[in-house]
Trainee: 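What follows is a single structure, and I will ask about it in a moment.
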Amino acid sequence: MIRLYDTATREVSEFKSIEPGKVSIYVCGATVQAAPHIGHIRSGVNFDILRRWLEASGNQVTFIRNVTDIDDKILHKAFHEEMPWWALAMKYERAFSDAYKALNVMAPTYEPRATGHITQMIELMEKLISNGAAYAPGNGDVYLEVRKLKRYLTLSNQKLDDLQSAGDSEDTFKRDPRDFALWKASKPGEPSWPTPWGPGRPGWHLECSAMASAYLGDEFDIHGGGLDLIFPHHENEIAQSEAAGQKFARRWMHNAWVTTSGEKMSKSLGNSLIVMEVLKRVRGIELRWYLGSAHYRSMLEFSFEALDESARAFRRIENFLIRVREIEGDFQGEIAPEFKAALDDDLAVPQALAHISEWLRAGNTAISAGKSAVREAKKIRGALNILGCDPFDPAFGESGNKKLDKAVDGLITLLLEQREAARVRKDFAAADAIRDRIASMGITVEDTANGARWSVE
RNA sequence: GGUGGAGUGGCCGAGAGGCGAGGCUCGGGACUGCAAAUCCCGCUACACGGGUUCAAAUCCCGUCUCCACCUCCA
């Protein structure tokens, strides 16, 4: 039995999908207006682990992650970067795709773009206007009238009257300052689509309601996103979709942030925590291991020291799996009961990591004693597979240049043979000189019971 | 003002009444020609003040500090 937290009830509860054996998930993806930083990709990793676990538990998962490719910020940035808004959106959509791929985040079942679903948005607005939930004041905007809602702000547990007033000056067409825009009339020079209320473009929020119902229907199992989306984005999605007569999401899951010095990451930090920059320091699999290692609902306090430490810890595990494969040949992963118990409990990855440490120690001890470590290796590989960090996963494929790999292996083996010959004749100065030269190339040599082995740092 | 979250050893990071999660660092040891890798031992923490209880990091009352959201946010 899988138990998961639900933001709406603020409790962990048994997860039962609408249709047994099938799970439908909608995760709010990127607004493609800048390159992804590690906070964005943490969200991707967290929900990827959820998806992998649900699939490993026997479910067929339909996973939707949208791309919001039209909004105020995109238009703003496009102006400053001096390119068409659609070129800017594409540029950063690619940046996100590259980051997801580098971290082995599975491609969504469908990845709809907001601009591809204008028709569905217009239909949704027509429904909301005809049933009185929304209004078009005549200037080309369309607003949802929040005072008329049966239910509002239940996810963030706020009262409408307690909200600080937005204080924007363009309230003139709103019946209530807290009404939010479903659709915005386009200003001169802005992109627009024709509607019954005049040319305009989507407001933020509407696209997710339209796309969720287009791909998952009136009701689906899990809606996910970052904590900061709870209000207003998810509240407004609920408002729109429920006002249109849909049941919408059964369960809400939100990942916590990556913080630096205790504070939420912001763009003012500069470029240093852009995913592709961090990947100059550690490999994709190592960054993923780090971002996935804290519980998804806990803040992850980022530091380069912690990242390096985490990467070293991962290499230790990876090294164990490689050694077992060298000794015993290829093997498959398997899900250990302890790992299942941990993941079933609201994706308790930290507990799972504690088990991995135990298996690792037992496995290394077995190797030292000349016994088989394949039992431990299978459990570890099975766990890493769910965490998306299986070092043998082709997604993290090596150079791809097999000829070069073979040549390098041959050369180093030759050097190691010469070193071994020197050691046999007790010429340790010569042996160490060879090891030092190899080390200066970034290659570590280990002497094992089965002879020397080498690895690239 | 409203809503939500956090404070755990040198560091990271779980747990949510009952025998010290786990990792890293550091110190000691085993192994080794020396290393590396690996293993073993050690380092007894829960913001503060009260209270409940046989037993509190965990529950209750109070206090302090920090963070986030309140129409840009993963």
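This one's a predicted model, so the numbers in the text were calculated from it and none came from an experiment. Reckoned from all heavy atoms, side chains included, excluding hydrogens, waters and symmetry mates. In what follows, every chain begins at residue 1, and chains take the letters A, B, ... in the order their sequences are listed.
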Trainee: Thinking salt bridges, do A:D390 and A:R381 make one under a 4.0 Å N-O criterion?
Mentor: yes
Trainee: Where the side chain of A:D228 is defined as all heavy atoms beyond and including C-beta, which of B:U3, B:G33, B:A74 is the nearest nucleotide?
Mentor: B:A74
Trainee: Any luck finding a side-chain donor-acceptor pair between A:Y100 and A:D48 under 3.5 Å?
Mentor: no
Trainee: For the pair made of CH2 in A:W183 and C1' in B:U71, what is the distance, rounded to whole Å?
Mentor: 19 Å
Trainee: Out of B:U38, B:C69, B:A14, which has the shortest distance to the side chain of A:N364?
Mentor: B:U38
Trainee: Taking atom P in both B:U58 and B:G49, compute the distance separating them and give it to the nearest angstrom.
Mentor: 12 Å
Trainee: Can you identify which nucleotide, out of B:U71, B:U3, B:G23, has its nearest atom closest to the A:N157 side chain?
Mentor: B:U3
Trainee: With respect to the side chain of A:E263, which nucleotide from B:C67, B:A74, B:G22 is positioned closest?
Mentor: B:C67
Trainee: State, with a plain yes or no, whether a side-chain heavy atom of A:D447 is found less than 4.5 Å away from one of A:R423.
Mentor: yes
Trainee: Tell me which of A:Y290 and A:L227 sits closer to the 5' end of RNA chain B, going by the nucleotide each one is nearest to.
Mentor: A:Y290
Trainee: Between A:H295 and A:P350, who's closer to the 5' end of RNA chain B by nearest nucleotide?
Mentor: A:H295
Trainee: What is the distance, rounded to the nearest whole Å, between atom CE of A:M299 and atom C1' of B:A68?
Mentor: 6 Å
Trainee: Nearest to the side chain of A:D447 - B:U38, B:U3, B:C34?
Mentor: B:C34
Trainee: Within the 4.5 Å heavy-atom criterion, are A:W86 and A:T115 side-chain neighbours or not?
Mentor: no
Trainee: On the side chain of A:E309, is there an atom forming a donor-acceptor pair with the base of B:G23 - under 3.5 Å, no angle test?
Mentor: yes
Trainee: Starting at CZ of A:F428 and ending at P of B:A36, how long is that distance when rounded to a whole Å?
Mentor: 16 Å
Trainee: Kindly say whether, by distance alone, the side chain of A:R10 makes a donor-acceptor pair under 3.5 Å with the base of B:G4?
Mentor: no
Trainee: Can you tell me, in whole Å, how much space there is between the P of B:C39 and that of B:A55?
Mentor: 41 Å
Trainee: Is there a donor and acceptor pair closer than 3.5 Å between the side chain of A:R361 and the base of B:C40?
Mentor: no
Trainee: side-chain hydrogen bond (donor to acceptor under 3.5 Å, both in side chains) with A:R297: which of A:T7, A:N46, A:N255, A:D346?
Mentor: A:D346
Trainee: Choosing from B:A74, B:G2, B:U71, which nucleotide comes nearest the side chain of A:Q158?
Mentor: B:G2
Trainee: Give the nucleotide from the list B:A36, B:A14, B:G23 with an atom nearest to the side chain of A:R316.
Mentor: B:G23
Trainee: Between B:G33, B:A36, B:A74, which nucleotide has the shortest distance from any of its atoms to the side chain of A:D432?
Mentor: B:G33
Trainee: Would you state whether a donor and an acceptor, one from the side chain of A:R323 and one from the base of B:A37, lie under 3.5 Å apart?
Mentor: no
Trainee: Ignoring backbone atoms, test whether A:S293 places a side-chain nitrogen or oxygen under 4.0 Å from the OP1 or OP2 oxygen of B:G13.
Mentor: no
Trainee: Please determine, for the side chain of A:D162, which listed nucleotide (B:G2, B:A37, B:G23) has the closest atom?
Mentor: B:G2
Trainee: What I want to check is whether an N or O donor and acceptor connect the side chain of A:K264 with the base of B:C67 at under 3.5 Å.
Mentor: no
Trainee: Let's see if you can work this out: which of B:A74, B:G33, B:G15 has an atom nearest to the side-chain heavy atoms of A:R419?
Mentor: B:G33
Trainee: Would you kindly check if the NZ (Lys) or CZ (Arg) of A:R175 is within the cone defined by 45 degrees around the ring axis of A:Y143 and under 6.0 Å from the six-membered ring centre?
Mentor: no
